[in-house]
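Structure first, commentary second.
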Amino acid sequence: MNTTEELDLVLERIVDISPDKMYTAWTTPELIKKWFAPLPWTTVKCEVDLRPGGIFRQVMRSPDGNDFPNNGCFLELIKNNKIVWTTALEEGFRPSNEPLQITAILTFESHPNGTKYTARVLHRNIEDRKKHEDMGFEKGWSQCLDQLLKTMKELQDDITESVFVF
């Protein structure tokens with residue numbers, strides 16, 4: 001896939017959980033609702049259909065109670081390795097009316113310390129990239145990643161505690 005640096009925003013980080021846990025966090029609606037929106041925003045609804053052409057929909061709620069639906073479509077899924085979704089299309093590859101159309105390419109590469117996580121977000125023009133950047137891409141996506149890691153570690157702690165309770 002061709003990328004143009006001036007149209008892309010990228011978040012890359014080494015995280016201390018495995019690629020399969022990263023993939024699970026990004027593909028399980030009940031988990032997505034726990035971390036997807038940067039606090040104090042919340043994700044109140046989530047729907048996923050894990051197949052190319054399947055829906056990736058979330059509703060984020062602002063601190064003042066307004067809901068913001070986000071509809072998208074999965075383009076590519078490689079279990080525990082890669083997720084590609086876009087807001088330019090809706091379920092079944094139908095064109096969308098989303099005002100800010102992006103394509104997100106998420107990769108989860110094994111690393112000695114866990115996972116090399118890369119989120120590359122493609123924009124159709126410089127104006128859209130700038131708008132997304134000004135909305136707080138780096139801060140927001142970084143905060144959501146921190147929330148994802150916290151959620152997955154808490155889940156692991158809950159599993160460990162339930163297994164070892166005597």
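- When all heavy atoms of Gly53 and Cys73 are compared, the closest pair comes out as CA-SG, 3.5 Å.
- For Glu133, the CD atom counts as densely surrounded, since its 6.0 Å shell holds more than 12 non-hydrogen atoms of other residues, nucleotides or ligands.
- Between Pro19 and Thr115, the shortest heavy-atom distance links the atoms N-OG1, 2.9 Å.
- For the pair Thr87 and Glu98, the tightest heavy-atom approach, listed with the atom from each and the gap, is O-CG, 3.4 Å.
- By the side chain to side chain contact (heavy atoms under 4.5 Å, CB included) test, Glu6 pairs with Thr4, Ile126, sequence neighbours left out.
- Judged purely by atom type and a 3.5 angstrom limit, Gln147 uses its side chain to pair as donor or acceptor with the backbone of Leu39.
- For residues 56-75, the pairs satisfying side-chain hydrogen bond (donor to acceptor under 3.5 Å, both in side chains) are Glu47-Arg57, Arg57-Asn71, Arg61-Asp67, Ser62-Asp64, Asp64-Asn66, with sequence neighbours left out.
- Counting only residues at least two apart or in different chains, salt bridge (Lys or Arg N to Asp or Glu O under 4.0 Å) contacts with residues 108-119 comprise Glu12-Lys116.
- Side chain of Ser96 to backbone of Glu90: no donor-acceptor contact under 3.5 angstrom is found.
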Please assess Leu145 against Met22 for the test side-chain contact (heavy atoms from CB on, under 4.5 Å), listing each intermediate value before the final yes or no.
-> CA-CA 10 Å; Leu145 177 57; Met22 290 294 294; 3.8 Å; yes

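- With sequence neighbours excluded, no residue forms a side chain to side chain contact (heavy atoms under 4.5 Å, CB included) with Pro99.
- Taking the six-membered ring where the residue is Trp, Trp26 and Trp35 present perpendicular rings, their angle passing 60° and hence far from 30°.
- Between Asp49 and Arg51 there is a salt bridge, since a side-chain N of the basic residue sits under 4.0 Å from a carboxylate O of the acidic one.
- Under the rule for a side-chain hydrogen bond (donor to acceptor under 3.5 Å, both in side chains), Lys131 has no partner lying at least two apart in sequence or in another chain.
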List the steps and the verdict of side-chain contact (heavy atoms from CB on, under 4.5 Å) for Thr118 and Val10.
-> CA-CA 7 Å; Thr118 304; Val10 180; 4.1 Å; yes

Assess whether salt bridge (Lys or Arg N to Asp or Glu O under 4.0 Å) is satisfied between Asp146 and Lys150, documenting all intermediate values.
-> CA-CA 6 Å; Asp146 291 340; Lys150 181 176 186 262; over 6 Å; no

Would you give me the side-chain donor-acceptor pairs under 3.5 Å for residues 77-86, sequence neighbours excluded?
residue	atom	partner	partner atom	Å
Lys82	NZ	Glu76	OE1	3.3
Thr86	OG1	Ala88	N	3.0
Thr86	OG1	Ile102	O	2.7
Thr86	OG1	Thr103	OG1	3.1

